[in-house]
Amino acid sequence: MAELLAPAGNIEALDAAIGEGADAVYLGLKSFNARLRSSNFAWNQFEAAVQAVHRLGKKIYVTVNTVSEEAETERLYRFLAYLEKIGPDGLIVQDLGVVRMVQEFFPRLELHASTQMNVESAAAANLLAREGLTRVVVARELGLEEIRHIKANTKAEIEMFVHGALCVSESGLCLFSSFLGGKSANRGMCTQACRRFYTAEAGGGEVPGYYFSPADLQLIDHIPDLMEIGIDSFKIEGRMKSAEYVGSVVAAYRYLMDHWKEDKKGSIAAAKRMLATDFARKKTTYWYNFDNVVDGVNNAGDAVLDPNQAGGTGIYLGKITEMRGVSDELKEEMTKKAEEEGTEVKKLRMALIKGGSYDPDPGDSIRLHRHDDSGRVSHKIRTLEVDEKGERWVDIPTGFSRGDDVYLLQTKSMSKRYPRVLPSDIGRFRQQPGSDLLPVLDLTPVEKKELSYFPEGTYIQISTIQDLFLAQSEHPVRFILDVNNETKAPLLSEEKGGKPVLPVSKKMVILSLDPYCPAAIEDETASMLSSLVEKGYTTFIANNLAHIEMLRGKNVNIIAGPYLYTFNKWAVSFLENQNIGAFITPLENSGKNLEDTFAPKIRSRVMISLFAYPTLFRIRFRMPKSYDFNYFHDKEGMTFKFASGADGTFVMPEKPFSIVDKAPSLVKKGFTRFLIDYSHTKVRKGDLKQIIGSMMRGQLLPDTSRFNWKDGFYSPEKMEAYRQSAERAAQEKAAAQTMRKGKGKSGGKNQRYSNKRPPRR
């Protein structure tokens, strides 16, 4: 019997999920999870939840599905040690470093691969299963037959999303939010750039719209088929949704899963009626009603995107027009309720909402959207105050202001009261992460002649063979050629009219594989790689775990591409154990974290992208035919462009990323392999010459972005650390202190740890 897995973004949602019959719930704590903007669970709440859920015969999974920088790995180690003590039924993970750390130190923890790990093939699932992961959450942009293929060709359990919000980008490959200010989707800080309001530059004018905001997934009609396939777990998205939403959606899927064998048509109809109160965006089955990949690539855009539909969820209630403080009576009520629940006191304001066709009441659940798209929060209204003018004021959480939009998610009449899952007194649950020291990991030193396929110098990456001809003039040490729908046929045919297809020898060409490797082309991709190896290509850039599996045993050189995220030593170690010896650093990375991750003796293994037009969204389908434009801009005037073709859509900034001026200083630090990346962008000789020239002279390239190179990822912890640092500096200056504040000793040395892991379980 398939598992019904529900989100628990807070205690009320946990009650609703269990109350409506979910077999399992997934939740996050205050760190290392991909929904940091949801309420999440405090330590004592989580410990109590694990015990309570287990007593009910249910399961509980914890999201640890973000990437971690090297400086965070000790805290991550302590967090994992804490989780092993508490004993959840599984960890949903993205970072390969987490996998490696669990393999080494916490073998009792069961691991599930997050959808952020970009698994959409049996090959990737099989690699992870061999590494000890018991379950994979497959990418959302897959069709029924692709799911069937994966399930039939792997021993790993298959978990899949069946309802809720979609990302327009291919799973785990979105860089847009990170590019806008370091708030990375891979770090739980996504600002939902896909939901934003953009202005297209079309037909000589400007046309506004929500061009990349996808409809919500709803696969209720396909549940019987998926159950017959043998899917292990059906997952509902929504850790930022209200308890009412969670309860109603769980109830619908529970009913269908329990009754479809008795009356398939009738039970589907009944379940759909139960979903009628899901006041979310319009629904889509996404990739489920297309005959083949080509059909999906050409037509999915029309099924998923509607530029006229606001990015918000629910029925529009209007905008906040006025705000004021909360009465003492409400403060007292909130304090009392928080004490009873063992939760924190919520900070509230009173707001006047105007512009919609419905006036919200206490008990209704609403969703608030900041007008600058910087945040969205769900909230249940607790009180109503009518002033002398007859105007209705309702409570809202702090952090919102006049002009912010408000949507209705659920009305009070739809709400149900559920038995509490957590005990009334959770004071006895007191465990927290300790102060354990993480053993030091030494990566594998470079052996003599080991990196002959990875020489020092400048590499140029291009997406077409024509551009490879143009790039010759700059004499790079190697060319990196994307394997895509345009280059595949020439590479496999090898010759055309008696002349070589490539203007250079094969040993000068490294083939870069597409990071999205879906089941529909899995067999074709494996066959293509075998043919390319037979034709003499010896070095490949893997950007998906499936590539590693497909190239296993073929006696080729594999470089880990930027989409196999190596933000810490432990992730690098995992890939080293897959016989990968060279790495291209992720575009989101910072200079500091790069140096922290790779010690000087290891830096010859690393290639750094100095110039690129980063692909912010990688979308599996073409843009709809009605999108008769290529350039668009946001409210701040930042301009972006997209290109659509047989490989889908690639959205990039008009202003490229560049740190070419850093090349001389990087060489001094031991980094000697650099990439000029023209993927999905037409090469122009003059531009390429300017880029290379600036790199050689160490000159700043004008009108470019640093991405996260200088400031790194945004994080609340980092902001708090900066604040505390500034306060300390001010205090020291005031006291005329001249000695720097010394660091405390750890009380013991960290154990050094070899790279190779012991056998898994």
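We use all heavy atoms of the structure for the numbers below, so side chains are in, but hydrogens, waters and symmetry mates are not.
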Within the distance-only criterion (no hydrogens, no angle test), does the side chain of Lys569 pair as donor or acceptor with the backbone N or O of Asp596 below 3.5 angstrom? yes
Taking Ser463's backbone N and O only, do any of them form a donor-acceptor pair with Asn484's side chain (distance below 3.5 Å, no angle check)? yes
Dump the intermediate steps for side chain to side chain contact (heavy atoms under 4.5 Å, CB included) on Tyr453 and Leu451, then the final yes or no. CA-CA 5 Å; Tyr453 64 93; Leu451 297 177; 3.7 Å; yes
Taking the side chain as C-beta and beyond, is there a heavy-atom pair between Thr566 and Pro586 under 4.5 Å? yes
Yes or no on side chain to side chain contact (heavy atoms under 4.5 Å, CB included) for Leu305 and Tyr627, after CA distance, side-chain angles and deciding distance? CA-CA 11 Å; Leu305 300 177; Tyr627 285 37; 3.7 Å; yes
Give the intermediate values and the outcome of side chain to side chain contact (heavy atoms under 4.5 Å, CB included) for residues Phe583 and Phe454. CA-CA 10 Å; Phe583 310 89; Phe454 194 57; over 6 Å; no
Minimal heavy-atom distance between Val556 and Tyr537, with the atoms involved, is CG1-O, 4.3 Å
For Glu522 and Ala123 the tightest heavy-atom approach is OE2-N, 2.7 Å
Please check if the side chain of Thr525 supplies one atom and the backbone of Ile521 the other of a donor-acceptor pair under 3.5 Å. yes
Would you say Asn292 has more than 12 foreign heavy atoms packed within less than 6.0 Å of its CG? yes
Return yes if some donor-acceptor pair links the side-chain N/O of Arg187 with the main-chain N/O of Phe713 below 3.5 Å, else return no. no
Spell out, as yes or no, whether a donor-acceptor pair under 3.5 Å connects the side chain of Arg603 to the backbone of Lys669. yes
Scanning both residues in full, the closest heavy-atom pair of Met695 with Pro664 reads O-CD, 4.0 Å
Side chain of Asn593, backbone of Asn589: donor and acceptor closer than 3.5 Å? no
Drop me the distance from Phe632's CZ to Glu201's CD, to the nearest 0.5 angstrom. 10.0 Å
Indicate the ring-plane relationship of Phe179 and Phe707, choosing parallel, tilted or perpendicular according to the 30° and 60° boundaries. perpendicular
Applied to residues 646-659, the side chain to side chain donor-acceptor pair (under 3.5 Å) test, sequence neighbours excluded, yields Asn485-Asp647, Ser644-Thr649
Flag the pair Asp514 / Val483 as yes when at least one side-chain heavy-atom distance between them is below 4.5 Å, and no otherwise. no
Aromatic ring pairing Phe212/Phe617, orientation class (parallel under 30°, perpendicular over 60°, tilted between): tilted
Hey, could you give me the CD/CD1 distance between Glu576 and Ile602, rounded to the nearest 0.5 Å? 7.0 Å
Heavy-atom pair of closest approach, residues Ser609 and Leu587: CB-CD2, 3.7 Å
Are the side chain of Lys506 and the backbone of Lys535 linked by a donor-acceptor contact shorter than 3.5 Å? yes
Examine the side chains of Asn186 and Glu588 and answer whether a donor and an acceptor come within less than 3.5 Å of each other. yes
Test item: Asn577 and Glu131 side chains (from C-beta on) under 4.5 Å apart, heavy atoms: no
Within a radius of less than 6.0 Å around CZ of Arg552, do more than 12 heavy atoms belonging to other residues, nucleotides or ligands occur? yes
Check: Asp482 main-chain N/O paired with Thr487 side-chain donor or acceptor under 3.5 Å: yes
First locate atom CD of Glu145, then atom CD1 of Ile229, and finally report the distance between them rounded to the nearest 0.5 Å. 7.0 Å
Heavy-atom pair of closest approach, residues Gly143 and Glu146: N-OE1, 2.8 Å
Is there side-chain contact between Met117 and Leu128, with heavy atoms separated by less than 4.5 Å? yes
Separation between CZ (Phe671) and OG1 (Thr585), nearest 0.5 Å, reads 8.0 Å
Identify the heavy atoms of Thr597 and Asn568 that sit nearest to each other, and give their distance. CG2-C, 3.5 Å
Does Glu120 form a side chain to side chain contact (heavy atoms under 4.5 Å, CB included) with Arg620? I'd like the steps, not just the answer. CA-CA 12 Å; Glu120 60 273 326; Arg620 193 179 183 188; over 6 Å; no
Donor-acceptor pair, Arg605 side chain versus Thr444 backbone, under 3.5 Å? yes
So, do Ile510 and Tyr459 sit near enough that their side-chain heavy atoms are less than 4.5 Å apart? yes
Is the number of heavy atoms from other residues, nucleotides or ligands under 6.0 Å of Lys592 NZ greater than 12? no
Over 12 foreign heavy atoms within 6.0 Å of NZ, Lys685: no
Salt bridge present between Glu141 and Arg618 (N-O < 4.0 angstrom): no
May I ask you to decide if Ser679's main-chain N or O and Gln461's side chain share a donor-acceptor pair within less than 3.5 Å? no
I'd like to know whether NZ of Lys554 has more than 12 heavy-atom contacts from other residues, nucleotides or ligands below 6.0 angstrom. yes
Just so I know, are the side chains of Ile558 and Gln578 near enough to count as touching, which here means a heavy-atom distance under 4.5 Å? no
Between CG on residue Asn118 and SG on residue Cys517, distance to nearest 0.5 Å: 9.0 Å
From CZ (Phe598) to OG (Ser604), nearest 0.5 Å: 10.5 Å
Partner of Phe642 under ring-ring contact (aromatic ring centres under 6.0 Å, His included), picked from Tyr613, Phe176, Tyr631, Phe629, is Phe629
Do the ring centers of Phe290 and Tyr288 come within less than 6.0 Å of each other? no
Met696 side chain reached by Ile692 side chain, heavy atoms, under 4.5 Å: yes
